[in-house]
There are 2 protein chains.
Amino acid sequence: MTTVQGARARARIEITAAIKDEARRQLAAEGAAKLSLRAVARELGMVSSALYRYFPSRDDLLTALIIDAYDAVGAVAERAHADAVSTAPGDHLAHWTAVCRAVRSWAVAHPHEYALIYGSPVPGYTAPQDTVGPAARVGLLLVATARGAHEAGGVTPPPLPDGLAPEAERLAAEEAADLPPALAVALVRAWAQLFGLVSFEVFGQFHRIVEDRDAFFAAAAERLGREVGLAPRP
Amino acid sequence: MTTVQGARARARIEITAAIKDEARRQLAAEGAAKLSLRAVARELGMVSSALYRYFPSRDDLLTALIIDAYDAVGAVAERAHADAVSTAPGDHLAHWTAVCRAVRSWAVAHPHEYALIYGSPVPGYTAPQDTVGPAARVGLLLVATARGAHEAGGVTPPPLPDGLAPEAERLAAEEAADLPPALAVALVRAWAQLFGLVSFEVFGQFHRIVEDRDAFFAAAAERLGREVGLAPRP
DNA sequence: CCGAAACGAGAGCACTGCTCTTGCTCTCGG
DNA sequence: CCGAGAGCAAGAGCAGTGCTCTCGTTTCGG
């Protein structure tokens, strides 16, 4: 139920968006640490104190950008997943790699926003509760691909070592009650490893090491899917 | 050939070390972005401008800390590797997991220093050439474990997809000419994935997801070693 | 032994996040 | 319809930052 809003409310929405846009521009140009409220305000032709009407502090602006970034990468990943499901309904490994490639593409295209959400947390700053929903989207998508494959039968995650059994059952019960514990553990593992691959590429650790990044990542994503058990592991 | 040094040179070394120590303390307390030259100087009882006699800029101080951090994690990993080789000479998978555990332990114990070297790169800051040597130590160690296993025979990395063959051969030729291309690729993959696991734990992404982090990581490191081909993949 | 280099101290510049006060303007309820 | 109150932009100001420059002093090496 979105009611018609007065000029004031509309202006507030537009100005808030303009602030975030300009902040994103500075983020892309200089990085998060050099994001300056005063510079944003200056560029928008207002005075710095006016900006505090829209964001109580610099951290709150960053939080808004973080949520937007989680939503952005989540959206492209969900779209890629949906496309893969519709074009190759039974190929669960393809669904998996489609999500992986979407995440990587977005990260490479928006390195600073990626760094904001998957890089070192900003000092003293603890993510507020608002971020957990958007932050979980990609992870839930990976669970969804695994669930699709599991329901179709034939998912074979690696066996669980004995010591990990209790943790695995707790994890499955809390996050995906319909999945076998070994699959839940393999998923969390692959989730972290996927972002390890993406982070190393975005943060430049592959400099002078990996040249054909597309081919390298494609192969890695496929291996990751096989390791989860979406296809045989040769 | 270390000659006896004058009081001045000795003082310079001590003061440089004191500055880095205090900087590390602030790093651990507040994080890299809040590391303040003035605060370091204040704590050391000197004036901020005096500090510039030792480090030309804040970035240079950070660079020194980065190099020290790379060296620290490299040293503990090398020590763990040597220990594992001497206690279980033939168990190459154990050598691998020993290195992995050492890296993780250091990262958990020094999260801010870890973030400095494996988190988002500081804005506008590009790592100078001095860092590449120390930065490579852990990677070289992983290569060394794989080489040990390869020379003992029976290393079976996953097969290479066709498209990746040229890249794999280039990579092997440049980084480890004595290893099969497929092994070189698997190593780089596992290298990035290992730090993905560690980063997710250190940066808090496992919050409320993984509880028994020790068991989880131990199993993940072992799977990583198997995926490289150091032991059969069940 | 004496000039040059290194050093610590201090003032100062341009910048930051953030607060407080001052007026103006829009909105909404009586 | 109109006035009280909320929302708003602006400016001054505070404490802090990285960094530069200058000025005496100390130390070292040829």
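We name chains A, B, ... by the order of the sequence lines, and we start the count at 1 in each one.
Between A:Leu51 atom CG and C:dT16 atom P the separation is 13 Å, expressed in whole Å. As rounded to whole Å, 13 Å separates atom P of C:dG17 from atom NZ of B:Lys34. Rounded to a whole Å, the CZ atom of B:Arg10 is 15 Å from the P atom of C:dC7. Atom CE of B:Met46 and atom P of C:dA6 are 17 Å apart (whole Å).
A:Arg24 has a carboxylate O that lies under 4.0 Å from a charged side-chain N of A:Asp68, or vice versa, which qualifies the two as a salt bridge.
Using a 4.0 Å heavy-atom cutoff across all strands shown, B:Leu44 reaches no nucleic acid atom at all. A:Ile15 comes within 4.0 angstrom of the backbone, heavy atoms only, and of no base. Here B:Phe55 lies out of heavy-atom contact (under 4.0 Å) with every strand. Residue B:Leu35 is classed as a sugar-phosphate contact, given heavy-atom separations below 4.0 Å to backbone atoms only. Among the atoms of the strands shown, base atoms are found under 4.0 Å from some heavy atom of B:Ser49.
Position along DNA chain D of the nearest nucleotide to A:Arg53 versus B:Ser48 favours A:Arg53 as the more 5'-ward residue.
First and last contacts of DNA chain D with chain B, using any nucleotide atom under 4.0 Å from a protein heavy atom and ordered 5' to 3', fall at D:dT17 to D:dC28.
The closest side-chain donor-acceptor pair between B:Tyr114 and B:Ser199 falls under 3.5 angstrom. A donor-acceptor contact closer than 3.5 angstrom links the side chains of A:Ser57 and A:Asp60.
Taking CH2 of A:Trp191 as the reference point, atom CD1 of B:Ile209 lies at 5.5 Å (rounded to 0.5 Å).
Screening residues 39-48 of chain B for salt bridge (Lys or Arg N to Asp or Glu O under 4.0 Å) gives no qualifying pairs among residues at least two apart or on separate chains.
A:His81 places no side-chain N or O within 3.5 Å of a backbone atom of A:Ala77 that could act as its donor or acceptor partner.
Residues B:Leu197 and B:Glu201 are not in side-chain contact: their nearest non-hydrogen atoms beyond the backbone lie 4.5 Å or more apart.
In this structure, the nucleotide among C:dG12, C:dT19, C:dA9 sitting nearest to the side chain of B:Arg38 is C:dG12.
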